[in-house]
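Following: one structure in structure tokens, then a few remarks.
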Protein chains: 2
Amino acid sequence: MSPASKKNPEETRKRLLKAAYEEIYLKGYQAASLSAILKGAGVTKGALYHHFPNKQALGYAVVEEVLQEEFSQSFLRFMFEKDDFVEGFQYALVKGEEIEGEDLVVKGCPLNNLIHEMSPIDEGFRTRLDGVLQWVLTTFTQAIRNAQKKGQVRQDVNAEETALFIFAAMEGCVGLSKNAQSMEIFGRCSKSLAHYVQMLRPS
Amino acid sequence: MSPASKKNPEETRKRLLKAAYEEIYLKGYQAASLSAILKGAGVTKGALYHHFPNKQALGYAVVEEVLQEEFSQSFLRFMFEKDDFVEGFQYALVKGEEIEGEDLVVKGCPLNNLIHEMSPIDEGFRTRLDGVLQWVLTTFTQAIRNAQKKGQVRQDVNAEETALFIFAAMEGCVGLSKNAQSMEIFGRCSKSLAHYVQMLRPS
DNA sequence: GATGATACATACCGGTTGGTATGGTGGCAA
DNA sequence: TTGCCACCATACCAACCGGTATGTATCATC
């Protein structure tokens, strides 16, 4: 027998989280249907309400356990493959477009999606999303500060504000290309972004 | 008798559109409740389905008739108050934050919100939103080209790509400050953006 | 192997959703 | 005055929503 057919609470919990993540990623949290999630996970309602008290808790868990992980395993991982910040960022832009360009252009950034939908109407979501966001931003900030120490980035740039702006611009690029549903738009937009980052180098 | 109490189809139609816009702006299209819209408009379901065949058509009309207008009456109007592009853009950033900063920080950009929610799942929404977006982008592009003619912006910048990037970055700034729900974040983020636009000037 | 707890599946519930069918009313042309 | 139709209100509908109650199979433990 496959491990999935046997009783395996951790496994089914992960299946539920994964299915919920996919459904929410595409439809948004509010429009995400529990029955669709259950269908995707291959379990029934009893399993869901055994592991989670309600839909909200499931949504929160998706943010805390899936979203952050998904994020650090994609863009940030690529960025740190190079030990030069500027080079690494530009590499991550290309790599990100290459690996998950299809999802990125069609469904956008899962973090940004949830921010736009839930932040104004659910404080619990907002704080959790803010947690992920702050984590990403500090990672960016540290990377820039580190690059400054190595002389890869000008000393007069404010690392924190620059990290904020770079990430904002990146999310903006994703959003525009999502509407156009074309990777070409993302390429053109991220090209300007890469050019901006390039200007951070010492003259 | 007030004109509103008499039979006034155009008036009630506008009231419906306005109420729908507000509800969608806050909750999103999918989560927008028709009963809430009717309550906001002060009419009943009969009026709605007399003017619109269904919820989708109402949503489309909101994009076509309200969203575009709302957009051109706010940021773009401020931007063109100055006849210097760089100055005008920076002025519009400050002015936009000043006038509708509260809404901007809490509810974000109505165009960007709908793009994130609906573009992947409803082609009708996507094309209509793309129409508004393209209109905004061409307005930006023309403004930059015009500035280039006047010598306010360097000749070597690609007007189209720059317009794309600036708008993307702006939407990104709104998104981040929306999550933080603080105007201070928007200020810090838009400061970097203003600095970038400043660099478009001839050296 | 009996026992109790865990891990589900199934059936059901009230509430809300978008949508419809019907009925009434004011305005306008004949 | 009489129709007539645009305009809108009211009542009602099936479908689906998130959530619950209950039953059952499987596990660990003694």
Side-chain angles (χ1 to χ4, degrees), chain A residues 1-24 26-63 65 114 117-118 121-122 124-125, chain B residues 1-24 26-63 65 114 117-118 121-122 124-125:
Chain A
M1 286 203 189
S2 72
S5 68
K6 285 205 282 184
K7 281 225 175 181
N8 196 338
E10 294 181 15
E11 168 72 14
T12 58
R13 187 188 143 90
K14 281 189 181 179
R15 291 172 63 90
L16 278 167
L17 281 175
K18 188 76 198 303
Y21 171 77
E22 295 295 339
E23 170 80 358
I24 293 174
L26 180 61
K27 303 276 188 66
Y29 169 77
Q30 300 180 99
S33 164
L34 288 188
S35 51
I37 293 174
L38 296 176
K39 192 176 169 186
V43 295
T44 62
K45 202 164 277 188
L48 204 173
Y49 281 91
H50 174 75
H51 288 280
F52 304 95
N54 47 36
K55 185 187 180 184
Q56 195 180 48
L58 176 63
Y60 288 174
V62 165
V63 175
E65 302 180 35
L114 279 176
E117 182 190 3
M118 300 308 295
I121 58 177
D122 189 305
F125 263 103
Chain B
M1 288 203 189
S2 72
S5 68
K6 284 205 281 184
K7 282 222 172 180
N8 196 337
E10 293 181 14
E11 169 71 13
T12 57
R13 186 188 145 90
K14 281 189 180 179
R15 291 172 63 89
L16 278 166
L17 281 174
K18 188 78 200 304
Y21 171 78
E22 294 295 339
E23 171 80 358
I24 292 174
L26 179 60
K27 303 276 188 66
Y29 169 77
Q30 300 180 98
S33 163
L34 289 187
S35 51
I37 294 175
L38 297 174
K39 192 176 170 186
V43 295
T44 61
K45 203 165 277 188
L48 204 172
Y49 281 91
H50 174 74
H51 288 281
F52 304 95
N54 48 35
K55 185 187 180 185
Q56 195 180 49
L58 175 63
Y60 289 174
V62 165
V63 175
E65 301 179 36
L114 279 177
E117 183 189 3
M118 299 307 296
I121 57 176
D122 189 305
F125 263 103

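Chain letters run A, B, ... following the sequence lines, proteins first, then strands; residues in each count from 1.
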Within this structure, what is the [atom1]-to-[atom2] distance between [X] and [N], rounded to whole angstrom?
X: A:Arg15; N: C:dA7; atom1: CZ; atom2: P; value: 16 Å
X: A:Phe52; N: D:dT20; atom1: CZ; atom2: P; value: 16 Å
X: B:Lys45; N: C:dT16; atom1: NZ; atom2: P; value: 13 Å
X: B:Glu23; N: C:dT17; atom1: CD; atom2: P; value: 9 Å
X: A:Leu38; N: C:dC8; atom1: CG; atom2: P; value: 13 Å
X: B:Leu34; N: C:dG18; atom1: CG; atom2: P; value: 4 Å
X: A:Leu48; N: C:dC8; atom1: CG; atom2: C1'; value: 12 Å
X: B:Tyr49; N: C:dG19; atom1: OH; atom2: P; value: 4 Å

OP1 or OP2 of [N] versus the side-chain N and O atoms of [X]: is any pair under 4.0 Å?
X: A:Thr12; N: C:dC8; value: yes
X: A:His50; N: C:dC8; value: no
X: B:His51; N: D:dA6; value: no
X: B:Ser33; N: C:dT17; value: yes

Pick base, sugar-phosphate or nothing for B:Ala31, based on heavy-atom distances below 4.0 Å to the nucleic acid.
->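 Nothing, no nucleic acid heavy atom in range.
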What does B:Ala36 touch in the nucleic acid at a heavy-atom separation under 4.0 angstrom: a base, only the sugar-phosphate, or nothing?
->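 No contact.
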Given side chains that start at C-beta, do those of B:Glu65 and B:Lys14 come closer than 4.5 Å, heavy atoms only?
-> no
Would you give the length of the straight line joining atom NZ of A:Lys39 to atom OG1 of A:Thr44, rounded to the nearest 0.5 angstrom?
-> 15.0 Å
Of B:Ala47 and A:Gln30, the one whose nearest nucleotide on DNA chain D sits closer to the 5' end is B:Ala47
Is it true that a side-chain atom of A:Tyr29 and a backbone atom of A:Gln56 form a donor plus acceptor pair closer than 3.5 Å?
-> yes
How far apart are the C-alpha atoms of A:Glu23 and A:Ser33, what are their side-chain angles, what is the distance that settles it, and do they pass the side chain to side chain contact (heavy atoms under 4.5 Å, CB included) test?
-> CA-CA 8 Å; A:Glu23 170 80 358; A:Ser33 164; 4.2 Å; yes
Distance-only donor-acceptor test (3.5 Å): side chain B:Lys55, base C:dG19 =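 Between C:dG19 and B:Lys55, which were checked side chain against base, a qualifying N/O pair under 3.5 Å is absent.
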For side-chain hydrogen bond (donor to acceptor under 3.5 Å, both in side chains), just list the numbers for A:Gln30 and B:Gln30, CA-CA rounded to whole Å, side-chain angles, deciding distance to a tenth of an Å, and then say yes or no.
-> CA-CA 8 Å; A:Gln30 300 180 99; B:Gln30 300 180 98; over 6 Å; no
